[in-house]
Amino acid sequence: GSERLPRQGENLSHSYDTRSHIEAEAVDLRALAEYFGVKDLPLTTLRSFTTDFRGEPEKPRTWNGRTSAVVEGIGAGPLKIERIEFESTTQSGSANATASASIAGNTLKLTASAQLPATVNDFQATDGSATVLLDGSHLAELGEELGLREPMSGTAALEGRIALRERTA
């Protein structure tokens with residue numbers, strides 16, 4: 001639901017205090033996509049999705065909420081991603097998000113945070129940071145899945161960080 005506020009919005013004729021809650025479980029994404037005329041969707045199952053949100057849509061610093069999702073069975077060519085998990089929270093002008101993916105026993109994790117702008121018109125100037133971690137302890141399995149001619153062996157680990165401040169990385 002939403003409540004119309006007694007002032008003009010940033011880009012809309014009025015401002016609104018919006019509240020929403022959405023939940024979904026065990027959604028066959030391919031069947032849903034076919035219903036809408038989309039063929040060969042590379043996703044199979046939305047295991048779970050939940051979002052709770054409150055705030056003024058045009059004013060990110062008013063946003064308070066949480067979103068989480070788990071998607072299973074993602075295919076990109078020969079690469080099969082078993083599972084992706086995502087969670088984000090927004091509160092008091094800050095946003096935090098985590099995501100992880102499992103690929104042939106290897107894991108990729110992302111953690112990010114941002115200070116939300118006063119208006120949606122300033123998202124390009126958002127300050128934030130992110131960390132990416134890769135645990136490639138099963139490279140042989142990944143090579144097999146990709147159908148590489150020569151077997152892959154060994155392990156790999158990667159950690160990377162990026163920060164955005166005043167529109168500069």
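Computed from a predicted structure; not experimentally measured.
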- Criterion side chain to side chain contact (heavy atoms under 4.5 Å, CB included) on T50 and I22, from CA distance to verdict: CA-CA 6 Å; T50 304; I22 300 169; over 6 Å; no
- Task: Work out which heavy atom in L110 is nearest to a heavy atom in A130; give both atom names and the distance.
- Result: CD1-CB, 4.0 Å
- Query: To the nearest 0.5 Å, what is the distance between CG (L79) and CD1 (I103)?
  - Reply: 5.0 Å
- Message: Could you go through V27 and L32, starting from their C-alpha distance and side-chain angles, then the distance that decides it, and tell me whether this counts as side chain to side chain contact (heavy atoms under 4.5 Å, CB included)?
- Response: CA-CA 8 Å; V27 177; L32 182 63; 4.2 Å; yes
- Among pairs that include at least one residue of residues 30-47, which meet side chain to side chain donor-acceptor pair (under 3.5 Å), considering only residues two or more places apart or in two chains? R47-E72
- Evaluate the ring planes of W63 and F123, with Trp represented by its six-membered ring, and classify them as parallel (under 30°), tilted (30 to 60°) or perpendicular (over 60°). tilted
- Note on the structure: In short, G105 meets S137 closest at the heavy-atom pair O-OG, 4.4 Å
- When you check the gap from the basic side-chain N to the acidic O, do E85 and R83 get nearer than 4.0 Å? yes
- ILVMFWY cluster, L133 and F86 together (side-chain gap under 4.5 Å): no
- Side chains of E56 and T62: do they bring a donor and an acceptor to under 3.5 Å? no
- Item | Check against side-chain hydrogen bond (donor to acceptor under 3.5 Å, both in side chains), S48 and E25 | CA-CA 4 Å; S48 65; E25 285 188 16; over 6 Å; no
- Message: Membership question, hydrophobic clusters at under 4.5 Å side-chain separation (ILVMFWY): are I74 and F49 in the same one?
- Response: yes
- Item | Side-chain touch V120/P57, heavy atoms, less than 4.5 angstrom | no
- Write down the atom of L116, the atom of A95, and the distance for their closest heavy-atom approach. CD2-CB, 3.9 Å
- V71 and L29: which non-hydrogen atoms are nearest, and at how many Å? CG1-CD1, 4.4 Å
- Query: Do you reckon V132 sits in the same ILVMFWY cluster as I162, going by side-chain contacts under 4.5 Å, direct or chained?
  - Reply: no
- Not counting sequence neighbours, list each pair that qualifies as a side chain to side chain donor-acceptor pair (under 3.5 Å) and has a residue in residues 89-112. S94-Q115
- Task: Using a strict cut-off of less than 4.0 Å between a Lys/Arg side-chain nitrogen and an Asp/Glu carboxylate oxygen, indicate whether R54 and D52 qualify as a salt bridge.
- Result: no
- Close side-chain approach of I84 and V70, heavy atoms under 4.5 Å: no
- Query: Sub-3.5 Å donor-acceptor pair from the side chain of D28 to the main-chain atoms of A31, do we have one?
  - Reply: yes
- How close do S153 and L139 get, heavy atom to heavy atom, and via which atoms? O-CD1, 4.1 Å
- Would you list the pairs meeting salt bridge (Lys or Arg N to Asp or Glu O under 4.0 Å) in which at least one residue belongs to residues 130-159, sequence neighbours left out? E159-R161
